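Everything quoted here is computed from the prediction, not taken from an experiment.
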Amino acid sequence: MSKSKLTPSCFTLMEAGLLSLSLALPVGLLVLPDPALGQDRPFTSMEIARDDADACRVPKPPVDLAETAYLRNGYRAILRILIAEEALATENCTCLLDDFTWDQALIALPRFQTSDNPRLPFKVLDLYAQADAFEAQVAEACVK
């Protein structure tokens with residue numbers, strides 16, 4: 001039985017695969033940034049530099065503040081509300097973030113509590129909406 005000249009042998013396919021791989025690797029390496037030239041490699045640092053506008057933004061709460069992210073997010077919204085309320089009451093347009101602590105958000109919980117369930121004492125989305133509304137009022141008052 002004779003081999004057809006149109007059907008390549010397995011050895012030829014393997015050689016073609018190795019050849020294409022050996023050519024693709026050096027080309028792929030040329031595309032990567034070189035740290036020696038001062039180029040950063042992607043994802044070497046996940047930290048993002050904060051904008052000046054973010055300097056007064058309430059940061060993520062510390063993990064030890066509450067056991068779940070749901071509670072921590074609620075406390076963050078409460079702190080945003082407290083800061084915005086203070087800014088409106090005092091007509092202060094400067095950043096008040098340094099004047100508040102996470103303990104104040106914990107102390108203010110009864111005021112925002114909507115349930116006796118300790119794992120879901122408030123509705124986070126409602127707190128976010130309230131915080132956004134207060135912050136919008138502060139922004140509007142400070143533009144004038």
A.B. asks: List in chain and number order the residues that pass salt bridge (Lys or Arg N to Asp or Glu O under 4.0 Å) with Glu67, two or more places apart in sequence or in another chain; answer none if no residue qualifies.
C.D. replies: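 Here the qualifying residues are Arg119.
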A.B. asks: Side chains of Pro121 and Thr114: does their closest heavy-atom pair fall under 4.5 Å?
C.D. replies: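 Result no, sub-4.5 Å side-chain heavy-atom pair not found.
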A.B. asks: Residues in side chain to side chain contact (heavy atoms under 4.5 Å, CB included) with Ser115, at least two apart?
C.D. replies: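 Expected list: Asn117.
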A.B. asks: Do Thr68 and Asn73 pass the side-chain contact (heavy atoms from CB on, under 4.5 Å) test, and can you show the C-alpha distance, the side-chain angles, and the key distance before you say yes or no?
C.D. replies: CA-CA 9 Å; Thr68 65; Asn73 289 334; over 6 Å; no
A.B. asks: Between Leu97 and Pro59, is there a side-chain heavy-atom distance shorter than 4.5 Å?
C.D. replies: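 Pro59 reaches Leu97 side chain to side chain.
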A.B. asks: Let me check something: do Val58 and Ile107 share a hydrophobic cluster, defined by ILVMFWY side-chain heavy atoms less than 4.5 Å apart, either directly or through other members?
C.D. replies: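 Different clusters: Val58 never reaches Ile107 through Ile, Leu, Val, Met, Phe, Trp or Tyr contacts under 4.5 Å.
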A.B. asks: Going by the ring-ring contact (aromatic ring centres under 6.0 Å, His included) test, which pairs reach into residues 73-98, not counting sequence neighbours?
C.D. replies: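 Qualifying pairs: Tyr75-Phe122.
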A.B. asks: Which heavy atom of Ala87 sits nearest a heavy atom of Val138, and at what distance?
C.D. replies: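 Minimum heavy-atom separation between Ala87 and Val138: CB-CG2, 4.0 Å.
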A.B. asks: Per the salt bridge (charged side-chain N to carboxylate O under 4.0 Å, His left out) rule, what does the pair list look like for residues 84-108, sequence neighbours excluded?
C.D. replies: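 As it turns out, the salt bridge (charged side-chain N to carboxylate O under 4.0 Å, His left out) pairs with a partner in residues 84-108, which skip direct neighbours, are Glu85-Arg111.
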A.B. asks: Which pairs count as side chain to side chain donor-acceptor pair (under 3.5 Å) when at least one residue sits in residues 120-141, sequence neighbours excluded?
C.D. replies: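 Output for this query lists Arg80-Asp132, Arg80-Glu135.
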A.B. asks: With sequence neighbours left out, write down each residue that passes side chain to side chain contact (heavy atoms under 4.5 Å, CB included) with Ala108, or none if nothing qualifies.
C.D. replies: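 Listed in chain order: Ile78, Leu82, Phe112.
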A.B. asks: Looking only at atom types and distance, does a side-chain atom of Arg72 sit under 3.5 Å from a main-chain N or O of Ala66, one as donor and one as acceptor?
C.D. replies: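 Judged by distance alone, yes, a pair lies under 3.5 Å.
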A.B. asks: Considering non-hydrogen atoms only, spot the tightest contact between Ala77 and Ala131 and give its length.
C.D. replies: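 It is O-CB, 3.9 Å.
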A.B. asks: Measuring from atom CG of Leu79 to atom OG1 of Thr101, what distance do you get when rounded to the nearest 0.5 angstrom?
C.D. replies: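 Result: 7.5 Å between the selected atoms.
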